[in-house]
Amino acid sequence: MLEKEYYPQQIEKKWCEVWDKTNPYKVESNSSKENFYALSMLPYPSGKLHMGHVRNYTITDVIARFKSAKGFNVLHPMGWDSFGMPAENAAIQHGANPETWTLENISYMKSQLKKLGLSVDWDREVTTCLPDYYKWTQWLFLQLYKKGLAYKKTAPVNWCEKCSTVLANEQVIEGKCWRCDSEVTKKNLSQWFFKITQYSEELLKDLEKLKGWGDNVKTMQKNWIGKSQGAILKFKVKEIPDMEIPVYTTRPDTAFGITYLVVAPEYPDIEKLTSPEQKKAVEEYRENAKKLSEIERLSTQRIKTGVPLGYHFINPFTGRECPIWVADYALVDYGTGAVMAVPYHDERDFDFAKKYNLPMIQVIDGEGFVEGKCYAEHGTLVNSGQFDGLDFENAKKQITDFAVKNGFGEFKTQYRLRDWLISRQRYWGAPIPIVYCPHCGEVALEEKDLPVLLPKDVDFSVVGKSPLETSESFRYTTCPKCGAKATRDMDTMDTFVCSSWYYLRYVDAKNDKECFNRDLINRWMPVNQYVGGIEHAILHLLYSRFFIKALRDCKLLDFDEPFENLLTQGMVLKDGSKMSKSKGNTVDPDDIYKNYGADTARLFILSDSPPARDFDWTDAGVEGCYKFLCRVYRLFSKYQDKINLNYNYDIKNLDKKHENLVREVHIAIKNVTRDIENEFQFNTVISRYRELTNSIYEYIKDENTINYDVLSFALLTLLKLMSPVCVFMAEEIYSALGAKQSIHKEKWCEYDENLAKSSSITLIVQINGKIKDKIEAPQDLANKELEELAKNSAKVKEAIQDKTIVKTIVVPNKLVNIVVR
RNA sequence: GCCCUGGUGGUGGAAUCGGUAGACACGUCGGACUUAAAAUCCGAUGAGGCUAAUAACUUCGUGCCAGUUCAAGUCUGGCCCAGGGCACCA
């Protein structure tokens with residue numbers, strides 16, 4: 001029996017308990033159905049669920065349920081990205097252990113997720129900070145290591161003082177740390193890298209394959225990879241006969257206009273290139289450059305500075321002798337670390353040359369050229385000897401060819417992408433499975449030695465270094481090769497390493513023999529639908545793509561891309577700005593559950609805005625959704641004794657009123673199905689629920705004329721259409737109506753194309769494109785008949801009078817446009 | 001500076017293939033029920049003109065300016081604005 005009114009709290013509590021016991025969404029891999037893998041970006045267990053989570057997981061859940069009803073074998077897993085700084089910070093602040101803090105958060109958030117009613121197979125839950133997971137993170141590190149894709153090198157790296165750890169390039173946002181927003185400096189350290197640059201071209205090229213990804217994400221990745229095509233040109237140093245300085249340029253066509261050359265302050269050979277007279281000035285300049293923060297250094301507003309090295313080079317094209325300078329507008333880690341300067345045709349060189357009074361030579365002419373102003377456009381070559389008159393493309397090619405032939409140049413493709421720095425000087429991460437032996441050097445552990453467990457004897461109160469460094473038990477071990485006393489690598493891996501492969505583990509989560517079974521992976525992957533925030537457009541999504549390509553080359557799997565379709569959901573806003581604790585405009589999901597129930601939360605978060613757009617949370621909106629659910633519930637409550645699960649009617653014997661409702665139901669099925677399949681337009685899906693509900697209310701206005709078979713059809717269809725969104729209410733009602741199985745196991749509704757339209761149409765009659773009349777007409781009249789109908793309209797006759805009809809356009813079932821003069 | 005995304009009533013948004021602009025809501029206003037309130041139900045609601053009228057009629061209206069078309073929110077060209085990404089990348 002259904003209550004008279006809707007009490008979501010009781011209903012949801014009851015079904016939560018039932019589902020908790022039975023795990024009804026357990027998925028088997030050996031199903032005869034077609035597989036569908038629906039995935040949400042796994043949460044970081046920060047303490048409590050926020051509305052962004054609710055939006056993300058509701059979207060994925062509705063997709064998973066819809067696909068399941070459509071007959072797919074759906075994998076919809078959930079897990080925890082549970083290594084990382086906040087746990088360590090909490091440990092430092094509250095004296096708790098990061099593991100305790102993390103596991104408590106997971107436990108609480110898991111209960112919140114269950115209250116949300118997700119169709120998750122909890123048997124496949126993955127927790128990245130537990131040894132049964134990070135053992136395999138370490139194992140994958142070893143596979144990359146064996147393939148030469150993991151290597152250690154000393155290089156200037158991004159350093160965050162506050163987090164006292166290094167950061168990957170992708171984690172530096174406008175010169176600041178992605179986590180704590182403090183300024184990042186450069187430090188020279190020996191660190192582990194993944195060779196993502198080996199895949200630059202493939203990562204770029206394969207973006208084209210990702211038809212199910214938005215252009216915004218693809219362009220962001222494209223820009224980040226930053227391919228450019230140009231040339232390396234080498235310049236002989238006049239004072240040192242055997243020495244050459246190579247530069248990278250995309251403008252070889254301007255080679256005749258070079259008047260000086262710039263090297264970065266960190267340029268390796270800079271001391272050799274400095275004359276004794278300039279030694280002091282150059283050293284001073286380099287010292288100063290070191291002190292600048294990344295932000296200051298990278299500011300485009302800053303006035304450029306530099307110092308001449310005292311030595312010179314010869315421009316092989318002109319034979320001219322020009323000075324070499326050091327200036328911090330040259331970057332050591334892009335191209336060759338040295339730049340050829342063509343002041344007349346490059347803004348930066350122009351500014352620099354103006355300031356230091358260096359000569360300029362015009363070598364390009366074209367539209368808009370003004371004497372004495374920088375001209376950076378492509379154009380026609382002048383003052384360039386045999387190359388005069390060539391356009392950009394030809395000049396670029398012929399000048400580079402010339403350099404190749406004469407042994408001082410080559411064609412070169414350059415990428416901006418850098419290798420992925422994965423070492424972190426922190427405790428709460430997966431230890432790097434490498435030891436250092438006095439005899440054997442750097443030694444990788446064997447698979448049987450995994451996992452390298454995180455130690456417990458750690459002092460979290462240390463400042464300025466990794467807490468892991470304080471563990472003596474961890475530091476000392478024996479060399480797996482020779483058995484001598486050895487020390488471990490004291491760094492842990494970037495958490496993004498853990499999250500680059502978690503979706504593979506879901507497929508085979510309980511496997512303790514291997515990381516994952518190759519056959520299973522090939523059957524489930526790639527993920528059919530991935531849902532998550534746009535903030536991972538570069539970081540996580542690029543790293544995951546790299547991982548799949550690397551693991552493919554390690555012969556561990558047989559596909560090229562991890563995520564077939566990607567839905568990047570918008571942010572959840574309140575009062576026009578992003579929900580955040582500091583702004584005090586957050587909404588606690590627990591409060592919504594308590595006051596309205598999870599179904600209302602799910603319904604509301606999908607209504608109003610399409611998933612990709614930002615969503616504005618309003619209290620009135622929640623209230624409105626709750627009222628709508630009450631309205632639906634009352635319908636079922638009122639007619640629960642009259643609803644027939646095995647309804648039966650013959651459309652041919654129905655009066656107009658009943659036929660119309662049947663048609664409305666078919667239209668609703670058609671529209672809801674199409675809106676879900678077409679870009680997951682849940683906001684309009686919910687509008688359809690309301691439309692159908694309104695139609696049903698209209699239908700029951702006259703109690704005496706209700707056909708209960710028709711009403712049953714309408715109500716039960718509405719219930720099934722709503723079931724992916726309002727999971728608790730749908731289940732409660734369906735079960736109270738006496739159904740033997742869960743509504744979530746029922747097939748999706750089918751519709752009849754002939755019934756999924758109204759019995760008549762409204763014919764629009766226009767004269768010269770302006771509406772003059774609307775006429776009710778039967779479906780599917782011939783064009784001639786429609787035209788006849790239109791011309792017989794009194795309003796049309798009135799409007800035409802003595803004017804001449806030039807042309808008549810008829811759109812079947814829609815409109816007639818009469819063109820008159 | 002370069003790239004991406006978007007711009008529709010008071011608000012969120014809808015409009016599927018170029019064919020009724022504003023679906024469905026929120027808000028507001030009015031009505032029914034009630035001693036009253038809440039809840040619920042019913043109705044109105046783009047702007048302006050004409051009008052006694054909430055009737056009929058009519059003009060304007062999807063960021064701006066042009067264009068294509070019988071017909072443009074939708075297509076083409078040029079701009080403006082907002083949000084996001086990248087940026088001394090040679």
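Reminder, nothing fancy here: chain letters follow the sequence lines and each chain counts from 1.
- Between A:Arg631 and B:C41, a side-chain N or O to OP1/OP2 separation shorter than 4.0 Å is present.
- Shown here, B:G9 is classed syn by the O4'-C1'-N9-C4 or O4'-C1'-N1-C2 angle, which is within 90° of 0.
- Side-chain atoms of A:Asp328 lie closest to B:C88 of the nucleotides B:A90, B:C88, B:C24.
- For B:G73 and B:U8, the P atoms lie 15 Å apart once the distance is rounded to whole Å.
- In this structure B:A21 sits in no base pair that meets the Watson-Crick or G-U test at under 3.5 Å.
- With hydrogens and angles ignored, the 3.5 Å screen pairs a side-chain donor or acceptor of A:Ser609 with a backbone N or O of A:Asp614.
- The gap from the C1' atom of B:A82 to that of B:A66 amounts to 24 Å, rounded to the nearest Å.
- Between A:Asp616 atom CG and B:G10 atom P there is a gap of 18 Å when expressed in whole angstrom units.
- Heavy atoms of A:Asn216 sit under 4.0 angstrom from primed sugar atoms or phosphate atoms, though from no base atom.
- Residue contacts for A:Lys774: at a heavy-atom cut-off of 4.0 Å it reaches a base atom on one of the strands shown.
- Under the 3.5 Å distance criterion, with hydrogens and angles disregarded, no donor-acceptor pair is assigned to the side chains of A:Ser760 and A:Gln779.
- Taking atom CD of residue A:Glu787 and atom C1' of nucleotide B:G19, one finds them 16 Å apart after rounding to whole Å.
- Taking the P atoms as reference points, B:G83 lies 15 Å from B:G12, given to the whole Å.
- Considering only side-chain atoms of A:Pro610, the nucleotide from B:A90, B:C3, B:G13 that sits closest is B:G13.
- For the pair A:Ile700 CD1 and B:C41 C1', the interatomic distance rounds to 11 Å; values are reported in whole Å.
- Note on A:Lys222: every side-chain N or O is 4.0 Å or more away from OP1 and OP2 of B:G85.
- Residue A:Asn694 has no polar side-chain atom (N or O) positioned under 4.0 Å from OP1 or OP2 of B:A23.
- The P atoms of B:A25 and B:C80 are separated by 40 Å, rounded to the nearest whole Å.
- Pairing for B:U76 is with B:A66, a Watson-Crick or G-U wobble pair whose two hydrogen-bonding atom distances lie under 3.5 Å.
- Judged by distance alone, the side chain of A:Gln362 and the main-chain N or O of A:Ile364 form a donor-acceptor pair under 3.5 Å.
- Using a 30° and 60° split on the angle between ring planes, A:Phe256 and A:Phe317 fall in the tilted class, from 30° to 60°.
- Nucleotides B:A32 and B:G18, compared at atom P, are 49 Å apart to the nearest Å.
- Checking B:C86 for Watson-Crick or G-U wobble geometry (two distances, each under 3.5 Å) identifies B:G1 as its partner.
- Judged by distance alone with a 3.5 Å cut-off, a donor-acceptor contact links the side chain of A:Arg418 to the base of B:C89.
- What separates NZ of A:Lys770 from P of B:G19 is a distance of 18 Å, to the nearest Å.
- Checking B:A44 for Watson-Crick or G-U wobble geometry (two distances, each under 3.5 Å) identifies B:U28 as its partner.
- Taking the six-membered ring where the residue is Trp, A:His536 and A:His540 present perpendicular rings, their angle passing 60° and hence far from 30°.
- With no hydrogens or angles considered, a side-chain donor-acceptor pair links A:Asp349 and A:Tyr329 at under 3.5 Å.
- Atoms OH (A:Tyr7) and C1' (B:A39) sit 12 Å apart, rounded to a whole Å.
- For B:G19 and B:C24, the C1' atoms lie 22 Å apart once the distance is rounded to whole Å.
- One interatomic measurement links the two molecules: CZ of A:Arg690 to P of B:A14, which rounds to 15 Å at whole-angstrom precision.
- With C1' as the reference atom, B:G1 and B:U59 are 45 Å apart, rounded to whole Å.
- Within 4.0 Å of A:Lys412, counting heavy atoms only, lies no atom of the nucleic acid at all.
- Mapping A:Gln414 and A:Val819 onto RNA chain B by nearest heavy atom places A:Val819 closer to the 5' end of the strand.
- In this structure, A:Tyr633 has its ring center no closer than 6.0 Å to that of A:Tyr626.
- Note on A:Arg821: nothing from the nucleic acid sits closer than 4.0 angstrom, heavy atoms only.
- Nearest to the side chain of A:Val811, among B:G19, B:U40, B:A90, sits B:G19.
- Of the candidates B:C41, B:A14, B:A21, the closest approach to any side-chain atom of A:Ile771 belongs to B:A21.
- Contact annotation for A:Leu815: base contact, defined as any heavy-atom pair under 4.0 Å involving a base atom.
- For A:Lys304, taking side-chain heavy atoms from C-beta onward, the closest of the listed nucleotides B:G19, B:C88, B:G12 is B:C88.
- With ring centers used as reference points, A:Phe604 lies 6.0 Å or more from A:Tyr596.
- Within 6.0 Å of CD in A:Glu679 there are 12 or fewer heavy atoms belonging to other residues, nucleotides or ligands.
- The phosphate of B:A90 (OP1 or OP2) has a side-chain N or O of A:Tyr334 nearer than 4.0 angstrom.
- Base contact: A:Arg416 has a heavy atom under 4.0 Å from a base atom.
- Distance, A:Tyr626 OH to B:A39 P: 12 Å, rounded to whole Å.
- Side-chain atoms of A:Lys807 stay outside donor-acceptor range of the base of B:C70, with no qualifying N/O pair under 3.5 Å.
- Base contact: A:Val339 has a heavy atom under 4.0 Å from a base atom.
- Pairing for B:G6 goes to B:C81, judged as Watson-Crick or G-U wobble with the two contacts each under 3.5 Å.
- Within the 4.0 angstrom heavy-atom criterion, only backbone atoms of the sugar-phosphate kind lie near A:Asn683; the bases stay farther away.
- Across all strands shown, A:Gln681 has heavy atoms under 4.0 Å from sugar-phosphate atoms exclusively, and none from any base.
- Using a 4.0 Å heavy-atom cutoff across all strands shown, A:Lys772 reaches sugar-phosphate atoms only and no base atom.
- Look at B:A14: it lacks any Watson-Crick or wobble partner with both distances under 3.5 angstrom.
- Residue A:Asp351 is classed as having no contact, given no heavy-atom separation below 4.0 Å to the nucleic acid.
- Contact check, A:Ser687 against B:A23: no side-chain N or O comes under 4.0 Å of OP1 or OP2.
- Place A:Gly769 and A:Thr762 on RNA chain B by their nearest nucleotides, and A:Thr762 ends up nearer the 5' end.
- Taking 90° from 0 as the syn/anti boundary, the base of B:C79 is oriented anti.
- Using P as the reference atom, B:A38 and B:G48 are 30 Å apart when rounded to the nearest Å.
- One can place CG of A:Asp215 at 8 Å from C1' of B:C4, the figure rounded to the nearest angstrom.
- Side chains of A:Asn683 and A:Asp608 form no contact here, defined as non-hydrogen atoms less than 4.5 Å apart.
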